[in-house]
Amino acid sequence: MSKLFPKSANRLPLQLVLYLFVLGGIASAGINYYATNKWANVGYAPVQPVPYSHQLHAGQLGIDCRYCHSNVEKSGFANLPTAQTCMNCHSLVKADSPLLAVVRESYATGAPVPWVQIHMTPDYVYFNHSVHVTRGVSCVECHGAIDTMDVVAQAKPLTMSFCLDCHRAPEEHLRDLTKPEQAVTKLGWVHPGGEAGQHDQGVKLVQDLKIMPPQSCSGCHR
Amino acid sequence: MRHVYFATFFLAVLTVSVLGFRGTRSTRPPIELFPDMDHQAHLKPQAGSTFFDDGRADRPIPPGTVAASAPLDDDDGLYHGMDADGTPLKAFPATVTVDAKLLARGQNRFTIYCAPCHGALGDGQGITKQYGMTTTPSYFDPRRVKLTVGELFGTITNGSPKTPEGKQNMLPYADKLSVEDRWAVVAYVRALQRTQVGTLNDVTDAAQKEALLKSK
């Protein structure tokens with residue numbers, strides 16, 4: 001009687017189990033790498049209706065973030081500038097540039113400039129810009145070095161763990177707003193004392209200003 | 001079994017080559033694996049809306065609306081920088097206390113909103129001058145030194161007077177600076193002017209005056 005299975009079939013169950021482990025490993029590594037904002041959102045740089053360069057305006061010219069995003073200290077929503085804000089300069093500087101036609105039209109008619117939003121939190125997340133910037137969290141913490149970006153791209157993942165990392169250890173990020181050089185809009189500032197200096201300053205600020213970032217669910221999901 | 005491993009390896013390489021690495025720049029909207037309740041049916045600030053004809057979620061404020069939270073601007077001096085008969089104030093309104101705190105606030109706001117054109121010193125040599133904004137004046141020319149605080153306040157609120165062609169070189173900053181902040185900026189502008197046109201007689205502190213005289 002001939003053999004129904006070759007002899008190598010004896011090893012097959014073990015090989016299959018081994019393969020399933022390898023496949024599982026590859027699949028988890030793939031999901032871990034791809035199924036997150038770190039892959040899906042970071043680097044998102046949509047084409048904007050006006051090729052506005054933050055690198056030129058905020059970096060080279062040194063215009064403060066708040067010149068355009070003027071309500072960020074008062075409002076939970078960091079506003080986009082009105083067309084008049086652009087026209088404050090561009091009625092005189094590059095007043096006839098075809099690239100600014102959309103802005104001039106918006107200024108004349110009141111129709112909004114269709115900017116494309118880049119940084120988004122889900123609608124079930126409460127985020128308030130003013131409470132962060134008025135307590136010393138710099139723009140750079142969530143938005144990255146915007147003043148070096150010709151075209152703005154999302155730099156940080158803005159996931160829940162990203163938020164919680166800072167809410168659990170605010171002292172590593174807080175700036176002393178009584179010192180002008182540490183203003184939240186000075187994106188390149190780092191503590192001269194390095195990480196240790198930042199930590200010491202942060203611990204003091206957390207105590208003095210009684211900073212208690214919420215870590216409960218309802219702090220952000222209200 | 002070897003073939004299965006080869007196929008798996010091929011699939012993995014294919015996935016990586018299609019999906020790319022983290023942080024790659026892309027102009028396409030992010031993929032949402034679990035959209036859940038990311039986008040809820042409510043209107044957001046400065047966002048779009050399909051409900052209204054003009055496509056805006058923000059509704060334009062009807063003329064004559066008074067915000068419930070805003071104080072009634074029945075104080076002409078504080079809110080318009082003018083007397084009841086419409087002449088610009090020559091001194092700060094009574095409700096504004098000119099002190100170091102106000103000047104610090106003024107400096108803070110000035111640096112953000114005014115310095116790009118007027119320069120940190122107020123000499124009109126802001127960064128925008130190098131880019132074609134040639135009309136910015138210096139605060140130190142005699143005509144502008146003579147401006148009253150009410151007139152300075154009016155310029156910040158309503159912009160500069162119109163040129164003969166009907167154009168304003170400086171547009172209004174009332175949307176960026178609250179009434180209190182505008183008075184703070186006025187105070188700071190006055191302080192900047194003192195740095196250039198101030199005289200010994202402006203020093204009121206006797207000891208300071210003595211020290212200055214000695215240093216000469």
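Within every chain, numbering begins at 1; the chains are lettered A, B, ... in the order of the sequence lines, protein sequences first and strands thereafter. Heavy atoms only: backbone and side chains are in, while hydrogens, waters and symmetry mates are out.
A 6.0 Å sphere centred on NZ of K156(A) holds more than 12 heavy atoms belonging to other residues, nucleotides or ligands. Enclosure of atom CG in L14(B) by more than 12 non-hydrogen atoms of other residues, nucleotides or ligands within 6.0 angstrom is indicated. The local environment of CG in N10(A) is crowded, with over 12 non-hydrogen atoms from other residues, nucleotides or ligands closer than 6.0 Å. Around NZ of K129(B), the count of heavy atoms belonging to other residues, nucleotides or ligands within 6.0 Å exceeds 12.
The aromatic rings of F21(B) and Y33(A) sit perpendicular, their planes meeting at an angle over 60°, well past the 30° parallel limit.
Residue with the most contacts toward chain B among A153(A), S8(A), C89(A): C89(A) (heavy-atom pairs, distance under 4.5 Å). When each of T134(B), D58(B), I127(B), N108(B) is scored by its heavy-atom pairs under 4.5 Å with chain A, the top score falls to I127(B). For the options Q107(B), Q130(B), K167(B), heavy-atom pairs under 4.5 Å to chain A are most numerous at K167(B). Ranking A40(A), S70(A), S75(A), A45(A) against chain B, the residue ahead of the rest is A45(A), based on heavy-atom pairs under 4.5 Å. Per-residue heavy-atom pair counts under 4.5 Å with chain A were compared for T128(B), L19(B), T15(B), and the maximum is reached by L19(B). Considering only heavy-atom pairs separated by less than 4.5 Å from chain B, the leading option among L61(A), V47(A), N71(A) is L61(A).
Interatomic distance, Q15(A) CD to R2(B) CZ, rounded to the nearest 0.5 Å: 11.0 Å. Separating the CE atom in M133(B) from the NE2 atom in H90(A) is a distance of 8.5 Å, to the nearest 0.5 Å. One finds the CG atom of L23(A) at 9.0 Å from the CG atom of L11(B) (value rounded to the nearest 0.5 Å). Here the OG1 atom belonging to T111(B) is positioned 9.0 Å from the CZ atom belonging to R66(A), to the nearest 0.5 angstrom.
Side-chain atoms of Y19(A) and T8(B) form a donor-acceptor pair, as typed in the model, at a separation below 3.5 Å.
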- Y173(B) and N88(A): CA distance, side-chain angles, deciding distance, side chain to side chain contact (heavy atoms under 4.5 Å, CB included) verdict: CA-CA 9 Å; Y173(B) 275 74; N88(A) 281 340; 3.3 Å; yes
- Message: side chain to side chain contact (heavy atoms under 4.5 Å, CB included), that's the test. Do F9(B) and V22(A) meet it? Break it down for me.
- Response: CA-CA 11 Å; F9(B) 179 73; V22(A) 171; over 6 Å; no
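For E73(A), the part lying near chain B is the side chain, with the backbone staying farther off; criterion is any non-hydrogen pair under 4.5 Å. Proximity to chain B involves both the backbone and the side chain of Y124(A), based on heavy atoms less than 4.5 angstrom apart. Contacts of K74(A) with chain B are made by side-chain atoms alone, with heavy-atom separations under 4.5 Å and no backbone atom involved. When heavy atoms are compared at a cutoff of 4.5 Å, N169(B) approaches chain A by way of both its backbone and its side chain. Looking at N37(A), neither its backbone nor its side chain comes within 4.5 Å of chain B, counting heavy atoms on both sides. Within the 4.5 angstrom heavy-atom criterion, atoms from both the backbone and the side chain of V151(A) approach chain B. Residue contact with chain A, scored on non-hydrogen atoms closer than 4.5 Å, involves the backbone and the side chain of L171(B) alike. The contact between L80(A) and chain B is made by backbone and side chain atoms together, counting heavy-atom distances below 4.5 Å. For chain A, the nearby part of T135(B) is the side chain; its heavy atoms alone come within less than 4.5 Å.
Of all residues in residues 24-46 of chain B, those placing a non-hydrogen atom less than 4.5 angstrom from a non-hydrogen atom of chain A are T24(B), R25(B), S26(B), T27(B), R28(B), P29(B), P30(B), I31(B), L33(B), M37(B), D38(B), H39(B), Q40(B), H42(B), K44(B), P45(B), Q46(B). Residues from residues 176-190 of chain B that place a non-hydrogen atom less than 4.5 Å from a non-hydrogen atom of chain A comprise K176(B), given in numerical order.
Residues Y67(A) and P116(B) share a closest heavy-atom pair of CD1-CG, 4.4 Å.
With hydrogens and angles ignored, the 3.5 Å screen pairs no side-chain donor or acceptor of Q117(A) with any backbone N or O of A47(B).
Q84(A) has its side chain within reach of P172(B): a pair of non-hydrogen atoms, C-beta onward, lies under 4.5 Å apart.
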